[in-house]
Amino acid sequence: MIIMSNDSLFLEPTRDVARALLGCVLFRVTEHGRVAGRIVETEAYVDDDPANHASRGKTKRNASMFGPPGHAYVYRIHQVFCLNIVTRPEGVGEAVLIRAVEPTEGLDIMAARRKTDKPRLLASGPGRLCQAFDIDKSLDGMPLDGDGLGLYRADQPVTQIVTRPRVGISRGVDKPLRFYIADNEYISKR
DNA sequence: GTATCGATGATCT
DNA sequence: GATCATCGATACC
């Protein structure tokens, strides 16, 4: 079952959304075909959170974080892109960063984009994921409604969730807002 | 206008 | 484990 961008899931507290997205399947359809993967690692970026791009108000870059829930916030960091899903009622500025998926469909397409055959290197990391899924700034602000980019609800709830501090940030480092499926091969390291 | 700094990844040791 | 590629948004003057 597809999770539409207006699903009430996105109105739950953002850390709960981050946990609920584990086990869901992210998919993308382009002219190259269809790719999909099971979400195995997420991070929550919340209100009153110095690591959150939205924490210092709305700017041109983070504008879609203040847009409707269930839509994408895509930004560039260094030379790569990262995909977030906006949560909460419009205007709050919270989101979930999708950090890693376990590839399930279209591995050959991902391998071509990533220039590697190793399944573990296809989408284990936010930048790798975006490269494998052909996600760039043009998807910033777009709904995840299954037209090009979409989500399937998890077949079964994920029970073994590990909670840790977030990765790669310099502020808000103490907050335990990174979540991943225990013992999964496809989480990003560090 | 100019400087700085990342929610990263690849590569080398 | 360390370095650096590379670029745009943001901060600062």
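Per chain, numbering begins at 1; letters A, B, ... match sequence-line order.
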From [atom1] ([X]) to [atom2] ([Y]), nearest 0.5 Å:
{"X": "A/T87", "Y": "A/M65", "atom1": "OG1", "atom2": "CE", "value": "7.5 Å"}
{"X": "A/T42", "Y": "A/L21", "atom1": "OG1", "atom2": "CG", "value": "6.5 Å"}
{"X": "A/L9", "Y": "A/M4", "atom1": "CG", "atom2": "CE", "value": "13.5 Å"}
{"X": "A/D47", "Y": "A/N52", "atom1": "CG", "atom2": "CG", "value": "8.0 Å"}

Return the value, rounded to whole Å, for the distance between atom [atom1] of [X] and atom [atom2] of [N].
{"X": "A/I135", "N": "B/dG9", "atom1": "CD1", "atom2": "C1'", "value": "17 Å"}
{"X": "A/K175", "N": "B/dA7", "atom1": "NZ", "atom2": "P", "value": "15 Å"}
{"X": "A/D174", "N": "B/dA7", "atom1": "CG", "atom2": "P", "value": "15 Å"}
{"X": "A/L122", "N": "B/dG9", "atom1": "CG", "atom2": "C1'", "value": "14 Å"}

**Q.** side-chain contact (heavy atoms from CB on, under 4.5 Å) assessment of A/E185 paired with A/E102
**A.** CA-CA 8 Å; A/E185 295 279 309; A/E102 175 179 340; over 6 Å; no
Q | Sequence neighbours excluded, every pair satisfying side chain to side chain donor-acceptor pair (under 3.5 Å) that has a member inside residues 119-129 of chain A | A | none
Q.
For residues 109-119 of chain A, which residue pairs pass the side chain to side chain donor-acceptor pair (under 3.5 Å) check, not counting sequence neighbours?
A. A/T30-A/R113, A/H32-A/R113, A/R114-A/Q131
Could you list, one pair per line, each protein nitrogen or oxygen that sits under 3.5 Å from a nitrogen or oxygen of nucleotides 10-12 of chain B, together with the distance?
{"from": "B/dA10", "atom 1": "OP1", "to": "A/R114", "atom 2": "NH1", "distance (Å)": "2.9"}
{"from": "B/dA10", "atom 1": "OP1", "to": "A/R114", "atom 2": "NH2", "distance (Å)": "2.7"}
{"from": "B/dA10", "atom 1": "OP2", "to": "A/R128", "atom 2": "NE", "distance (Å)": "2.8"}
{"from": "B/dA10", "atom 1": "OP2", "to": "A/R128", "atom 2": "NH2", "distance (Å)": "2.6"}

Q) List DNA chain C stems (3 or more consecutive Watson-Crick/G-U pairs, under 3.5 Å)? A) B:1-6 with C:7-12, B:8-12 with C:1-5
Q: Determine: side-chain N/O of A/R99 to OP1/OP2 of B/dT8, distance under 4.0 Å, yes or no.
A: yes
Q. Does OP1 or OP2 of B/dG6 have a side-chain N or O of A/S170 closer than 4.0 Å?
A. yes
Q. Quick one: what's the B/S/- string for nucleotides 2-8 of chain C, heavy-atom cutoff under 4.0 Å, read 5' to 3'?
A. ---B-S-
Q | Step-by-step side-chain contact (heavy atoms from CB on, under 4.5 Å) determination, A/E94 to A/V17 | A | CA-CA 11 Å; A/E94 299 192 351; A/V17 181; over 6 Å; no
Results of side chain to side chain donor-acceptor pair (under 3.5 Å) for [X] - residues two or more places apart only:
{"X": "A/D136", "answer": "A/S138"}
{"X": "A/E43", "answer": "A/Y45"}
{"X": "A/Y73", "answer": "A/H53"}
{"X": "A/D7", "answer": "A/R153"}

Q) Does CZ belonging to A/R15 count more than 12 external heavy atoms closer than 6.0 Å? A) no
Q) Is it true that atom CG of A/D48 has more than 12 heavy atoms of other residues, nucleotides or ligands lying nearer than 6.0 Å? A) no
Under a 3.5 Å threshold, yes or no: a donor from one side chain and an acceptor from the other, between [X] and [Y]?
{"X": "A/S188", "Y": "A/R99", "answer": "yes"}
{"X": "A/D183", "Y": "A/Q160", "answer": "no"}
{"X": "A/D145", "Y": "A/S5", "answer": "yes"}

Q: In sequence, state the C-alpha distance, the side-chain angles, and the governing distance for A/I109 and A/D134, and then conclude on side-chain contact (heavy atoms from CB on, under 4.5 Å).
A: CA-CA 10 Å; A/I109 299 172; A/D134 194 26; over 6 Å; no
Q. Which residues within residues 39-50 of chain A lie with some heavy atom under 4.0 Å of an atom in DNA chain C?
A. none
Q) Which of residues 83-94 of chain A have a heavy atom under 4.0 Å from DNA chain C? A) none
Using a cut-off of under 3.5 Å, enumerate the N/O to N/O pairs linking the protein to nucleotides 9-13 of chain C.
{"from": "C/dT10", "atom 1": "OP1", "to": "A/T59", "atom 2": "OG1", "distance (Å)": "2.0"}

